[in-house]
Each structure stands twice: as structure tokens, then as C-alpha cells.
Amino acid sequence: MSQKALQKIVETYQDFILGTHDQHGDETVIVMRDALPDLFHFLKYDPDLAFDMLLDVTAVDCVKMRNEPDGLPEGHRFFVVYHFRSLGLRQRIRIKVPLSEDDPVIPTACGVWKGANWPEREAYDMFGIVFKGHPDLRRILLYDEFQGYPLRKDYPLRGYQPRIPMPTLKGDPVPGLEDSK
Amino acid sequence: MPDTEEKKLVTMKIDGQEITVPEGMNVIDAAEQIGIYIPRFCYHPALSVAGNCRMCLVETNQARKPVPACREGAREGLEVTTNSDRIKEARKDVLEFILLDHPVDCPICDKAGECMLQEQYSKFSLRPSSLSMPKVHKPKVKVMGPTVLYDAERCINCTRCVRFMAEIAKDPVLTQVHRGDHAYIDLAPDKVLNSPYSMNVVDLCPVGALTSRDFRFKARVWFLESTDTVCSECSRGCNIRVDTYKGEIKRIVPRENPDVNGMFMCDHGRLAYHEYENDRLFTVAGTRTGDMNYTQAVNRISLQLLQMIKSGMPPVVILSPFMTNEDAWVAIFSLKVLANVNVFAIGGNAQGEGDDILIREDKNPNTRGLMTILKHFGIQPVSVKEAIEQADNGMIVFGTRHAWIDEIAKKIGTLDFGVILSAKATPATTKAAFALPVPSPYETTGTWTNEFGITQRVQAVLQPQQEARPIWQIVQDMHRGFARMQTFTRVEEITDILMDKGLIALDDLTNTGDDITVEAGK
Amino acid sequence: MVKVKVIERPVPTVSTEIYLKEVLKGMGVSAKHFFQGITTQKNLVTTQYPEEKRPYPKRFRGHHRLMKREDGSARCVACYMCATACPSHCITIEAGEREEPYIQKYPRKFEIDYLKCVFCGFCVDACPQDAIRMDSDKHRIPAYTRQDEMAGNIDLLKLGGLSQARQGGKWS
Amino acid sequence: MASNFTPYYALVFVAVLSILLVLALLVVNAILGPKRRSRVKMTPFECGNEPWDNPRKRISVKYYLVAIFFIVFDIEAVFLYPWSVLYRGLLKQPGYGILALWEMLLFIGVLAMGLAYVWGKGDLDWNPGAKR
Amino acid sequence: MNWNIVLAATIKWVFMVLVFGLGVAGILTWVERKMSAVIQDRVGPNRASILGFRMLGLFHPLADAIKAFTKEDFVPDGANRVLFFLAPLIALVPGMLAFAVLPFGPGDNLVIANMDSGIIALLAITSFGIYGATLGGWSSNNAFAMLGSLRAAAQMISYEVSMGLNLVGMFMVFGTLSFSQIVYAQGHLLGGWLPEWGIVVQPLAFILFMAAALAENKRAPFDLPEGESEIIGYNVEYSSMRFATFFLSEFFEVVLIAAIVTVLFLGGWQIPWLDPKGIAGGWIRVLQVGAFVVKTLFVIWVMMLARWTLPRFRYDQVMKLGWKIILPLSLLNILVTAIVLAML
Amino acid sequence: MSDSNQLTEKNSDLRTEFLHLQMGPSHPAMHGTVRIKLTLDGETVHAADVEIGYLHRGMEKSSEAHTWSQVIPYTDRLNYVSPLINNVGYAMAVEKLLGVEIPERNKYIRVLMSEISRIADHLTAIGAMALEIAAFTPFLWSMQAREEFYRLIEEVTGARVTSAYTRIGGLRDDLPEGFADLYQAAEDRLLRLMDDIDALLTKNRIFYDRLVDVGSISREDAVDLGFTGPVLRSTGVDYDVRKDHPYLIYDRVDFDVPVGQHGDNYDRYLVRMEEIRQSVRIIRQVLRDMPDGPINIDDWSILLPPKDAVYNSIEATIAHFMLIIHGIQVPAGEAYAFVEGGNGELGFYLVSDGDGKPYRMHVRGPCFYLVQGLETMIKGQMIADIIPTFDSLNMIGGEIDR
């Protein structure tokens with residue numbers, strides 16, 4: 001169904017493609033990080049793609065995978081997984097971007113889809129993936145003092161966190177004050 | 001396999017893949033080399049081929065009927081098919097046949113979860129039952145010997161146990177009786193399955209027919225957490241896997257290591273963990289010192305030791321061959337080099353009986369490693385008897401199990417400075433001025449060097465409890481008061497030093513039992 | 001083809017704009033319920049709990065119970081299937097040994113921690129002996145202490161009944 | 001009836017009684033109620049968090065504007081009372097009735113103008129964004 | 001000091017304020033719960049029992065009272081302790097006081113303070129109630145309570161204006177400021193058959209007055225100061241009897257407003273075509289007092305029905321309704337009344 | 001700039017200050033799951049920061065430690081108002097990975113239960129929204145109607161909310177006997193109560209004024225923010241998973257997708273009311289057309305064998321044991337499966353590495369994206385509009401925080 005879109009991405013970003021597959025009918029493009037901010041614009045504004053909705057952003061930590069995850073280059077650990085939908089063309093695509101453990105930085109999609117804000121924060125919260133250019137990158141589901149990134153495979157299932165004192169709001173950022181006197 | 005090189009190499013095909021193997025190698029092993037698993041029950045690489053379960057049937061280009069892969073030797077031009085419809089159907093038929101009289105016993109069978117029957121049925125058949133006759137009843141819960149129970153209904157007559165007892169344990173007490181669907185395994189008349197290797201038949205049994213009396217109903221195997229370590233009961237140092245459940249050791253099974261123990265181990269090693277179940281020493285003890293905690297005890301030992309050295313009357317030291325190389329190195333280094341102790345003795349278990357299968361005469365795991373380190377420091381150990389005689393100044397005893405423990409206890413009770421580091425509460429610990437708890441061999445991390453000079457990593461199965469600390473740490477704490485010594489925080493740092501000095505050679509540093517999930521049937 | 005139904009919002013009219021008509025209409029509906037409520041008890045939905053109890057459906061997943069054999073002992077053979085299938089790890093079993101060659105095992109301890117239990121019913125699905133069931137027609141009543149939240153084999157057996165399920169093969 | 005002031009005496013007396021009653025309620029509660037203080041209990045409620053801000057701030061002017069409007073309109077309303085009581089009586093006297101009517105129209109006109117002014121200024125809109 | 005007056009006032013106070021006002025207000029807490037329950041197809045409170053008798057839950061107000069008395073009355077940190085203590089008092093007392101000017105029946109004996117300027121006195125007294133809510137919220141040192149008190153103040157004073165103006169039409173028609181006089185006047189029959197009740201001669205004023213009175217009383221749909229889903233309420237920091245006092249004052253005011261509406265618009269104690277002059281006495285007087293009570297209860301019922309039917313206004317909508325709709329309409333009402341009266 | 005602010009600024013001595021206020025988590029209307037840090041200008045929201053995570057249970061991490069089947073009770077707790085849709089969505093995702101086709105009757109039952117759950121979900125949203133503007137009676141009426149449907153769910157699954165009804169490749173149980181009659185009674189009551197709610201609310205000016213043009217969001221913003229479900233449809237986008245990517249048997253039933261025009265709270269209310277009626281329509285068709293037949297696939301490596309076989313044959317016992325000990329062996333791969341949940345597209349992104357446990361399980365909860373847009377929707381509105389807007393999104397903590 002979105003085979004055409006997949007083809008077009010592959011043609012346009014030939015140099016950055018690490019692999020494609022369409023397991024279970026989900027067309028997937030595995031693409032290098034360098035293609036990114038550009039690819040986002042392409043995905044949204046190209047008339048043949050028109051992926052106007054960012055369905056989901058998440059990540060996968062491949063460090064304990066039994067079988068070799070396809071498309072993950074040597075020395076890389078994470079996949080950041082984007083799901084896009086085009087409401088007009090009724091198509092869907094998955095973009096996977098490999099990241100290494102030492103440099104888990106990826107450009108944000110917030111500038112192109114406003115809806116990327118929270119899911120990117122969640123991916124940061126859970127995997128420690130840094131979305132460069134994100135307007136407000138802080139923890140979202142966990143508290144700020146949390147140590148480590150729980151959905152990484154090396155975080156124990158029953159990881160214990162140090163006790164923290166009751167948080168106070170003194171000195172917390174106040175929403176909306178920056179744009180007024 | 002020592003004689004493979006002499007054999008001629010042949011090229012054959014398995015499922016279309018070409019493979020070059022020595023001539024005569026059976027197809028099961030050959031297929032395994034290229035990652036094709038052929039199901040089997042009776043075949044075991046350590047035993048002779050029986051070929052009676054028919055589970056490993058494969059098609060070849062040289063026979064019209066399917067042939068058992070365990071009997072089929074590799075030869076030039078052989079083409080084997082393991083996944084044709086006919087073979088799949090044949091496996092289902094074989095399984096249906098095997099399961100025909102099998103009782104519905106999984107709920108009460110200790111093997112469930114690592115049973116080859118379960119595995120292979122769910123992998124190769126899943127065909128529903130078509131039984132319409134009563135099942136044949138055979139003896140259940142039959143006591144085979146002190147360690148093994150037998151359930152004839154579950155038995156699939158693969159005869160692995162019969163062959164093991166005859167070929168490896170050299171004690172052929174098992175045999176097959178009756179015929180057809182009434183066949184089962186039984187003891188030879190007036191014999192008991194009491195060989196020192198009897199429990200290996202439990203591991204060998206592909207189903208739950210032979211079960212361990214020790215492990216009976218203690219835990220379900222899929223809950224067990226396993227740690228790979230080394231057996232402490234003799235100087236062979238068999239590789240073992242210790243299974244725990246809820247922080248308790250439930251059983252010990254051998255790991256395969258062709259250089260050390262092959263695939264098996266002795267019953268004594270399997271049951272040795274019971275030694276450390278009772279009478280454990282977990283807190284600092286000693287009748288004459290009163291109540292004190294670990295820090296106080298160590299500080300007082302340190303102080304006394306310092307005074308003794310200043311006055312030129314150092315204590316004697318009795319080492320234990322149960323100490324790891326790391327413990328021994330730290331202890332000897334600090335006591336010899338820093339505290340001027342001259343008299344070292346090696347205690348430990350007395351020599352026992354050995355055989356030419358696995359069991360060694362030396363009942364201590366690390367005698368050779370200890371000797372190597374003593375030699376490195378230029379120390380000639382004295383006998384324990386001599387050491388006890390010279391121990392008027394004081395005495396430091398490492399380890400729990402000593403053949404001379406009664407004499408040590410008698411002597412240590414008379415000394416002002418009598419320190420014993422023990423995992424268990426013994427007469428010596430109650431009489432000593434200081435008794436410090438140390439981990440049992442199953443709670444120890446480090447390396448042991450066996451009689452043949454192979455150094456192997458010992459991994460703590462459980463964590464030391466309460467005040468118990470590793471020996472190297474206690475010694476380090478004792479010496480912190482008066483001497484400058486490199487302090488270690490992890491045992492691996494000491495291992496590295498030993499390797500640097502060439503005292504031990506260890507290839508596989510990551511042999512730490514990383515994967516704790518239990519693989520069924522392995 | 002997507003069939004779309006565009007919802008038009010009601011256009012404000014004079015009658016809605018002056019509040020009164022719709023307010024009175026609403027009050028009329030309320031009054032209807034009021035008078036129905038005080039005259040007939042038909043529409044009242046409250047269940048006066050301790051005195052009257054709502055009948056639970058047949059499939060209701062309530063308090064666990066251990067089924068019995070003819071001799072009154074628990075059918076359970078401590079196979080740990082329920083403990084394995086339990087997503088919340090709330091079942092603790094310790095096996096004991098029995099003489100009968102076809103039973104061999106019994107649960108010396110069978111405990112369900114109701115602080116952890118999520119009543120998913122997976123233990124019932126997992127039981128190969130028809131030993132544990134949740135059709136006791138009782139719900140778990142909360143307790144005041146952690147200890148009271150643990151239901152042991154005796155409590156569970158008390159609720160149990162005789163199971164008729166045949167076992168061990170059609171002919172055996 | 002003793003005098004014209006009798007009702008007022010009664011009123012004052014009733015006021016005293018009422019105050020005493022309510023005071024009694026509060027005092028009885030203060031005696032009966034337990035006194036168990038804790039830091040958390042004494043914290044002003046802010047949805048389970050420490051209070052973030054001082055509530056006694058200079059809050060939006062709109063609230064205070066209402067007070068001003070109130071004074072304007074309420075006092076004017078009070079002026080209507082005597083007139084309204086007398087109105088029917090005045091109507092019965094020829095000439096006065098029309099005069100009273102006109103007077104009142106003028107008065108209400110002024111009031112309405114004031115309202116219209118405030119309205120036009122937008123000071124009666126608390127939510128300028130709302131269309132309804 | 002005339003002790004007769006004191007004695008009479010005390011007796012009347014006990015019967016009118018304590019028994020009728022406070023009693024009905026107390027029972028109203030039960031009625032409201034029970035009625036809302038029935039409207040919502042529930043059963044409502046019925047658990048409190050004495051010796052096993054449940055009485056449809058009638059003991060619940062009693063249980064509530066016991067609970068309120070035995071709870072801790074704490075003052076939050078940073079609160080103004082004096083005002084915090086006084087606020088509930090200020091909220092409840094004016095309501096009680098206002099009963100003093102309401103005639104329960106014909107004659108002087110069924111009113112505590114039969115004043116010529118009763119309505120002005122009433123307005124003056126009830127205006128005090130604003131302070132209760134406002135000070136209560138302000139003194140709590142709580143942002144939610146603060147917002148609630150600001151809302152309460154703004155809303156109550158806004159509707160005070162309309163309430164006052166709505167009565168002007170009544171004064172014009174009846175030409176008096178005395179409640180007693182107004183009730184007597186409502187005994188007249190228009191055209192020989194229609195009682196000249198306020199609702200008949202001033203229908204618009206009746207509707208507007210009802211709305212304004214509800215708003216004044218902070219009752220749904222005007223319950224913004226305690227809008228529990230937005231700002232929780234001006235009394236969020238109050239506990240025990242102090243909270244109960246606020247609670248009681250609300251119900252007290254319900255009774256009060258129902259009584260005022262009855263007196264002004266529904267003919268007070270008048271039973272149509274029966275003894276309009278109130279001179280009969282005897283059983284007829286009892287009937288007349290009964291009529292007053294029944295009418296009051298009916299108005300309360302309608303108010304409760306509205307409470308459980310209508311959603312709440314938003315703050316700006318309340319202000320808009322008060323200033324832009326009710327106030328102009330009130331002025332219009334005066335105008336029309338004046339012109340109609342002039343033309344008659 | 002509004003008039004009021006100009007007035008404030010012109011007269012410098014009338015300087016006013018913003019009030020900073022926290023709404024939630026322990027706010028009567030916040031359900032204990034969200035904190036909104038507000039900057040207020042009087043009653044107007046100047047800025048807001050929505051903070052979630054109060055219901056975070058680490059479900060995705062826990063799922064990685066459970067077998068594929070054991071995750072099903074976890075999915076109950078996603079959108080806990082309509083748990084069956086979550087069950088269905090998860091089961092479909094795993095079935096997609098396994099590549100199995102489920103029997104026809106199973107599909108019908110899944111659709112039936114999904115729609116019953118959807119009605120419950122929408123009733124909750126409508127009722128809660130009414131409640132938050134103090135219309136308590138319609139709320140309880142909608143709860144009453146919802147309870148009828150929970151009874152149905154309980155009748156079928158054995159529990160009102162924690163249904164855990166689907167199995168991978170099957171269902172826990174078939175529909176009970178006489179289900180159609182039970183449903184008919186519930187539907188009658190639902191429609192009666194819906195009429196009453198309608199009479200109380202829809203045209204009432206107070207209700208109308210409170211909702212119209214409150215919490216509006218434009219069509220573009222809604223799509224950009226990833227909105228789905230009734231909230232997206234209220235802005236005029238006709239996207240519905242059931243129509244656009246028909247799953248199960250949705251391509252065989254006839255129903256309309258209600259679409260609003262303004263994207264405000266009132267349109268969301270209307271869309272939900274209409275969707276309930278459409279769901280009723282679907283259920284009627286499903287009950288009419290439901291075929292007989294098996295509900296489970298016949299594969300012992302995926303579904304537990306029938307109990308009778310387990311008791312009596314070693315083959316079934318072995319399959320039973322292997323399935324419970326090791327879980328379903330799902331081939332390696334990844335799949336994204338999505339269903340139309342109560343609040344929009346509920347997606348499950350599953351990664352398997354060929355083990356009995358999910359390697360990674362990620363839930364795309366529709367609410368997560370809806371609440372993300374809350375800030376945009378309440379900015380500049382009154383403080384009293386926050387909660388109705390919040391409820392019109394039908395915020396479900398379980399789905400956001402996971």
C-alpha cells in the first residue's frame with residue numbers, strides 16, 4: 001500500500017538508506033541519522049508522501065537481541081523508530097534510525113510535526129536519546145531526579161532508585177513568564 | 001575427539017548444504033555443525049550408539065527407507081534430507097508411538113521443563129492423542145539406589161542409563177527387562193545403583209524416568225537460576241552449574257568441559273552443597289572476645305598483630321586449599337611481606353580415595369594454586385602438626401574444612417591471639433579468640449587451579465550473608481591499620497595481578513554465567 | 001468509501017437563547033425521574049450491598065478455590081503451572097511428597113497473595129488438574145493486614161468443591 | 001407595640017442570640033475536636049504539592065472594578081426605593097404622577113447610560129475571547 | 001428594656017429561626033442528598049441508624065453534626081486566624097437574622113421584628129453574608145480559596161444590584177417596604193378571582209429575582225465560588241464545625257430565599273380566597289402558617305430540582321448574565337411597571 | 001491584546017500580577033493523574049504546563065519480562081474504561097507477528113466486544129464532561145448506562161473492567177447463552193437514558209455556552225499534533241481506523257463516521273453522542289450476522305489445548321506445559337498493529353527476537369497525543385474551561401503514563 005512511498009524515499013535518499021523491509025505489511029526504511037532533518041521535510045511536504053501525521057516516536061535498545069537486528073550498523077545500539085501516517089493518501093511508513101551508545105543524539109522532528117514533542121520526550125526519558133533542537137527536552141513520565149534510563153536493556157527490571165527529598169517548586173520554571181513582563 | 005585427524009575427510013550434503021567432515025562421523029553431529037538439529041532420544045555423544053528410539057530418522061539418497069541419523073556415518077556423496085514431509089510425518093509417528101503409554105505425569109514430574117520429550121513433541125509434532133486403549137501400567141516410584149528413583153511408565157527405553165553405567169561408570173547394574181510395551185529398565189538381581197556416578201543417569205535420562213532423590217520436588221526447573229562455577233570437592237575441579245531458587249541452592253549439575261571433566265561429575269560433588277546448609281557462621285564469634293561486630297574484631301586483630309610483630313613474635317598461619325588464588329595471594333603477601341610471618345602450613349581435607357574416571361585423591365580444590373603462590377614468595381610450608389606446635393605466639397587459621405580441625409581447636413583455645421576465618425561454626429570457632437565469617441565455596445568469587453594446572457574461574461552462586469566477607473577483604477581490612485598495601489575493591493583486580501605475574505593462566509575471563517535463563521533440556 | 005455523517009450543531013433559537021424553555025424541559029426530565037423514583041422502585045439501580053447481593057455471572061472471576069478429590073484432599077499436585085502463568089507472581093507453592101504412586105505430590109503450602117493478584121484468571125487456564133478455580137461466586141474481601149491478604153491452602157480448600165473432572169487418560 | 005423602635009430592639013436581641021448560638025457551636029467544636037497538628041496538615045492545600053505562590057497578590061483589576069460598579073449601581077438603586085414606594089400614591093394626585101414618571105425615566109436613563117458606558121468600554125467582559 | 005419584648009423575641013427566635021430555619025436547613029442536607037439520589041435513580045443515604053432504625057437515612061444530618069463537632073478545627077499556616085475564625089460566623093448569622101423580618105403569618109405575633117422598612121433591613125442584613133465567603137477565602141492563605149472568595153465577592157455584589165432593582169417593581173405595585181404589608185396586599189383579588197400575588201403582577205421580576213437570589217446564595221447553577229471541578233472553593237481550608245457552619249449557612253439561605261420568594265411573590269401565608277385580611281385566627285391561622293411553610297418548601301424543591309438539572313455557569317457568563325441581561329431587564333421591568341401603572 | 005490588558009498596562013499604578021497555581025494531581029477533577037502548572041491572569045489561563053507520569057507503571061518494561069500472553073492483563077490497564085479494545089489490539093498485534101488468521105466467529109465477537117467497550121468509553125467521556133461543569137445528574141445517568149454494558153462485559157469475560165478476554169489466536173470463552181437478550185435490555189436502557197441526557201444537556205443554553213468555542217483546535221493543528229479518534233473527527237477530519245484500515249470485520253458492517261465542524265468541546269460531545277448510536281448500529285448488525293463455528297485457532301503452539309484433552313492425554317499436557325513455561329514462540333520481526341480505541345488510534349509496536357517474551361513492546365496511546373495538545377487548547381481560556389476541555393479529551397491516565 002505504501003510501497004510507492006517507500007520506493008520514492010529510497011530513490012531520493014539512496015546514499016543514506018541502510019535497508020528496507022516490509023515485514024507483515026509494514027513498510028520500513030532504515031536510514032542513517034545524517035539524512036534526518038531533511039528527510040522529515042521531504043516526508044511531510046512531498047506530494048507523493050504527504051505524511052502529515054506523526055503517529056509515534058519510540059526507540060528500541062538492541063543490545064540484548066538474540067538475532068542480528070537487520071540494518072543496525074556495527075557499533076550501534078539503538079533504533080529510533082518513527083511511524084508516520086498520511087491521512088490524505090491513506091498510507092503509512094516506518095522510519096528507523098540507528099544510533100550508537102556513545103552518541104545517542106538525533107535531530108528533533110518537532111519543527112515539522114508539533115506532535116513529536118511529547119513522544120520525543122518520552123524516548124529521552126526512557127532511553128536517554130537526545131533530540132537535538134527539541135524545545136523542551138526533559139523527563140516526562142519519570143521525575144527529574146531519576147537516575148538512568150529504564151527501558152534500556154541494561155537497566156534492571158527491579159531497579160532501585162535513591163530516595164529523594166520531597167520536591168519543592170521554588171525556582172522551578174514558570175510557564176508563560178518568558179513571553180511577558 | 002582425538003583421532004579425527006587420522007580419518008579421511010569426506011564431503012556430503014545435508015538439506016542441500018555441503019559439508020566436509022571426517023569419514024564415519026555420524027550424521028547427527030555433522031548436521032549440528034551447520035546448525036541443523038536432528039531430534040534424538042537415545043543418542044548421546046558420550047555413549048555408544050544404540051539407535052533404538054528412531055527419532056533421528058532422516059532420508060538419504062542411498063536408502064529407500066528413512067535411516068536413523070545416529071547410525072549413519074558420513075561418506076562421500078551422501079545426501080541427507082532432514083526436513084522432508086516424509087521425515088516430519090515419521091517423527092510425528094515416532095513421537096505418537098513413544099507417547100502412547102506415557103502417563104499424564106508432567107504435573108508431578110521433576111523433569112518437566114527440561115524434558116526432551118516435551119521439547120521435541122512441541123517442536124516436531126503437536127499431533128493430538130489418538131489413543132483409544134488403556135495405557136500399560138508399569139512400576140512407579142521404584143527406588144534404584146540411594147540417589148535415584150525410577151518411574152517405568154515414563155521410561156522410553158532409550159537405554160542411555162544402561163549404556164552409561166556399563167561404559168562410563170564401569171558398574172553395569174542396570175538392564176532392560178521384559179519386552180514390547182512392557183519393557184522397562186531394572187536393576188540387575190541383588191544390585192543397587194550406588195555407584196559414585198549414579199546421578200549422571202538422571203541428567204542423561206531424556207525424560208523423567210530417572211529422577212534425583214535429592215532434587216525431588218524441591219523446585220521446578222524453569223524457575224531455577226543458574227550460575228556456572230567449579231566444584232570444590234576434589235582437585236579435578238569439575239565444571240558445574242549450580243541451580244538456585246529463592247536464594248537457596250537446589251541442585252548441582254555438570255557442565256561440559258572436555259579438558260577437565262568431560263560431561264559428567266560424581267555424586268559427591270553434586271551433594272556437597274548440603275555441607276554448607278547448616279551450622280553456618282554468619283556473624284563474628286569467639287567465646288573469649290565477647291560480642292563485637294566485624295569492624296571492632298578486625299581492628300582488635302590488627303592491633304594485636306601489630307604488637308606481636310613489633311615484639312618479633314609473629315603468629316603461625318594455616319592456609320586452606322579451599323582459598324582461591326586471590327585470597328591466598330593477598331593473605332600470603334600481607335602476612336609474609338608486611339607482617340613478617342614465617343611459618344605457613346597448608347591444611348585442608350586429608351587425601352582420600354580416587355579412581356581413574358573423575359574422582360581424585362586430593363580432596364581440596366586449590367592445592368596446586370596455593371603451592372604455586374607459596375613458591376612465588378619463596379615459602380616452604382610446614383606440616384600442620386608442626387605449625388600447631390610452633391603456634392605459641394598466636395595462630396591464624398584460614399578456611400573451614402581441615403583434617404586437623406580438632407587439634408587446631410584444642411590449640412587455638414589456649415591462645416590469646418587465635419584467629420579463625422570460617423564459613424561454618426566448628427569447635428574451633430567457638431574456642432578461638434576471634435572467629436570471622438567467610439563465604440562458602442558457593443559464595444566465593446575468584447580462581448582455582450586444579451591438579452592439572454588448569455585455572456578456572458569460580459563464581460559466587462549466592463551472595464555472602466550478614467558479616468561474611470571474602471578472605472582477601474578481611475585480610476586487607478586487618479592490615480589497613482599498620483601497613484601500606486594496595487587496596488582492592490574487586491576481586492578481578494587481584495586476578496589481573498596474578499595473571500600479570502604469571503601465577504595463573506586464565507583464558508576465559510568472561511566465564512561468569514551471564515545468561516541466567518534455564519534452557520530446557522540442556 | 002468512508003461514509004461520513006457531518007454533525008450539525010443546533011442553531012441557537014430564541015427559545016434556547018432565553019434559557020427558560022430548555023431549563024424547564026430539563027427540570028421536567030429531572031422531575032420525571034424524581035416522581036418515578038419516589039413512586040416506583042423500578043428504575044433504582046442501587047444495590048443495598050450487605051443485605052442484597054448482586055448475582056454474579058457464571059463466569060465471574062472471584063476468590064480462588066482449590067478443588068478436592070473424592071477423599072477430600074486437594075486435587076492440586078503442586079505442578080507450579082499456575083505460579084508460572086501468573087503475571088503478577090502472586091502464587092507461592094511448596095511441594096510435599098505423598099505415597100500414592102499416581103499422585104506423588106501435594107502442595108504443602110499453597111498461598112495466594114491477594115495484594116498482588118490481579119484476578120486475570122490465567123491460573124485457572126493453566127491448571128492441568130482442574131485444581132484451582134475462580135468460580136467461588138465470592139469476591140475477595142480486603143483485609144487490614146498484609147498477613148490477612150495471604151490466602152493459604154486451608155482457606156482456599158474451604159471454598160473448594162468436589163471436582164468431577166477425569167484425569168490421567170480416558171482409560172486409565 | 002411599645003414604640004416604633006420595638007422591632008429594632010427585637011432585631012438587635014435576635015442578632016445577639018444568633019451570634020451566641022454560632023459562637024457556641026464553634027466553641028463546642030473547639031473543645032470536642034482533637035488537636036493533632038502536623039506540618040503537612042497545616043500546609044495550605046494545593047493539590048498535594050507545596051504551595052507555589054503567594055495567593056495574596058495583586059490580582060486582576062477586573063475583580064475590583066466590580067466593586068466600583070456595585071457601589072455606583074446599588075446606591076442609585078437605593079434612591080429608587082423611596083420613589084417607588086410613593087409612586088402609586090403620587091399617581092393618584094393629578095400632575096404629580098406624570099412628573100414622577102418623568103423623573104424616574106430620567107433617573108433610569110442616567111443609570112442606563114452609565115451601564116451602557118461601562119458595557120461599551122468592555123469592562124463587563126471577563127473573557128474577551130469567548131463568543132458566547 | 002421591656003422584658004416582654006425580650007421574651008417574645010426569644011420565643012419567636014426559637015421557633016422561627018431555630019426550629020423552622022435551622023431545622024429545615026438541617027433536614028435539607030438530607031433532602032438534597034436524598035432528592036439528588038432519587039433523580040439519579042439511586043437510593044441515597046440510608047445507613048445511619050439508631051437502634052437499628054434507619055428512617056430512610058434521616059439520621060444522617062445528626063451523624064454529620066456529631067462528626068462536625070468532633071473533628072479537628074485547624075488553621076492552615078499563614079492564615080489570618082481572627083478572620084479565619086470569624087468568617088463562618090459572619091456567613092451564618094446574617095441568614096438567621098434575616099428571618100426576623102419575615103412574617104410567618106398574619107399579625108404582629110408571627111414576625112419577630114415587624115418593620116415598616118423590612119425589605120431594606122433584609123437587604124442590609126443579607127449583604128453581610130458576602131463578607132463570610134470573601135473573608136473565609138481570603139484569610140485561608142490558599143490560592144484556590146482566594147480565587148473562590150474573589151468570585152464570591154464579585155458575583156454576590158453583582159447580583160445584589162439586580163436583586164434590589166427587581167424589588168422596585170414590587171414596591172411600585174404595592175407601595176410599601178414592609179413585608180407584612182406586602183403579604184396583606186397580595187390577598188387582593190384581581191378581577192375578583194385572581195389573587196394579586198407578586199408572581200402575577202410582576203412575572204418578569206419573579207424570574208429575575210429567582211435567578212438573582214440563586215446567584216446571591218451561590219447555589220447551582222451559580223455555584224462558582226465553590227466550583228469543585230475548577231477552583232475547589234473558598235472554603236477548601238475549612239474543617240469540622242467551621243466548615244459545617246458554611247455548609248449550614250448555604251442551606252439556611254436556601255430556606256431564607258425560599259421564604260422571601262414566598263412572601264414577596266407567592267403570597268406569603270395567604271391562602272387564595274381564604275381570609276385575605278388575616279383576622280380569622282384559630283385553625284385558619286394555623287392553616288395560613290402551614291401555607292407559608294408549604295409554599296416555602298415548594299420553592300426549595302424547585303431550587304433543588306434546578307440544582308440537580310443544570311450545569312454550572314462560567315465566571316464570565318455569570319457576570320454577563322448579571323450585568324448585561326438581568327440588570328437591563330430589571331431596569332426595563334421598572335420602566336414598564338411604571339408606565340403600566342401610570343396608564344391604569 | 002484584549003481590552004482588559006490594555007487597561008492594565010495604560011495605568012501603571014494598576015499593575016497586576018500573574019498567579020501561579022498548580023491544578024492536580026490531587027485535585028477533585030484531575031483524577032489524580034495529571035498536574036497542570038498554571039500561570040493565571042485573573043481567571044484567564046496565561047500559560048500552562050501539563051505534567052504527566054503520575055500513573056506510570058513501567059508497563060513496557062514489565063512486558064519485556066513476561067510472556068506474550070501474560071501481557072494481556074497489562075493491556076487491560078491501558079485505557080481502563082474500554083479494556084477490551086486494548087485486549088483486541090494487542091492480540092491482533094501478536095497475531096500479525098505470528099501471521100495467523102483467526103476464525104470468523106472470533107472476529108465477530110471481538111468487534112462486538114470492542115463496540116460495547118467503545119460505548120462505555122464514550123459514555124464515560126460524556127458523563128465526565130457534564131460532571132465537570134456540575135451537571136451531576138447526566139453523569140450518573142451515563143454511568144448507569146455504562147454499568148449496563150459493564151454487566152454485559154462481565155457476563156462474557158468474568159470481570160467488569162479487568163477483562164483479560166482475548167487470547168492470542170483466540171478468546172477466553174465464547175459468548176454466553178442468551179447474550180442477545182441481555183444486550184437488548186442494555187440497549188433499551190441506554191437509548192432511554194441517552195434521550196434523557198440529551199434533553200438535559202444538548203440544547204440547554206448553559207451547557208451550550210460552556211462548551212461552544214471552548215477548547216477549540218483547528219484541523220491542521222489536530223493532525224499535526226497526532227490527534228486521532230473522536231477529537232480529530234470533531235475538527236472535521238473523517239479519519240477512523242475502522243473505515244480507513246478496516247480490521248476484523250469492520251469492512252462488512254455498515255456505519256457512519258460522525259464528523260464535527262469546529263473542533264470545540266461541543267462538537268466533541270456531539271460526535272461522541274453520535275458514535276454511541278453508530279456503535280449500537282454496528283452491534284445490531286454483528287449480532288444479526290454472527291456465524292457459528294470455532295472461536296479459537298487450532299494450534300497448540302499458540303493456544304492452550306482444550307481442558308479435557310489436557311486432563312486426559314499426555315500430548316495435550318505437554319503442549320500445555322510448554323506453552324505456559326516458555327510462552328508462545330513468536331518469530332523474530334517487528335509489527336505495528338492498530339485499532340480504533342475509545343479515544344483514537346491505539347497502536348501496538350512489537351519487536352520480537354524469536355523468544356517467548358516480547359523484546360520490546362510499545363503502546364501508542366491516543367490520549368498521550370491528545371493531552372499533548374491540551375496546552376494549546378486551554379491557553380487564553382478561562383480557568384473553569386480547563387477541566388471540561390480536559391475531560392472532552394477523555395484523558396485516561398493508564399494510557400498516557402503506561
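Chain letters run A, B, ... following the sequence lines, proteins first and then strands; every chain starts at 1.
Residues B/Pro103 and F/Ile314 come closest through the heavy atom pair O-CD1, 3.2 Å. The minimum heavy-atom distance between B/Leu99 and F/Ile318, with the atom names listed, is CD2-CD1, 3.7 Å. Summarising the geometry of F/Ala319 relative to B/Leu126, their closest heavy-atom pair is CB-CD2, 3.9 Å, with the distance given to 0.1 Å. The two residues F/His326 and B/Gly113 have their closest heavy-atom pair at NE2-O, 4.0 Å.
In this structure F/Phe348 satisfies the ring-ring contact (aromatic ring centres under 6.0 Å, His included) test together with F/Tyr90, sequence neighbours excluded. Not a single ring-ring contact (aromatic ring centres under 6.0 Å, His included) links F/Tyr108 to another residue, sequence neighbours left out.
With a 6.0 Å radius and a threshold of 12 heavy atoms from other residues, nucleotides or ligands, B/Asp93 has its CG atom above the threshold. Annotation: B/Tyr37, atom OH; neighbour count of heavy atoms from other residues, nucleotides and ligands within 6.0 Å is above 12.
Summarising the geometry, atom OG belonging to F/Ser313 is positioned 7.0 Å from atom NZ belonging to B/Lys135; distances are rounded to the nearest 0.5 Å. One distance of note links CZ of F/Phe321 with CZ of B/Arg220; it measures 5.5 Å at 0.5 Å rounding. Separating the CD atom in F/Glu315 from the OG atom in B/Ser122 is a distance of 12.5 Å, to the nearest 0.5 Å. Rounding to the nearest 0.5 angstrom, the gap separating the NE2 atom in F/His320 from the SG atom in B/Cys106 is 9.5 Å.
F/Ala309 does not touch chain B: none of its heavy atoms, backbone or side chain, sits under 4.5 Å away. When heavy atoms are compared at a cutoff of 4.5 Å, B/Pro107 approaches chain F by way of both its backbone and its side chain. Only the backbone of B/Arg127 comes within less than 4.5 Å of a heavy atom of chain F; no side-chain atom from C-beta onward does.
Under the 4.5 Å side-chain criterion, counting only non-hydrogen atoms from C-beta, F/Trp300 is in contact with B/Tyr121.
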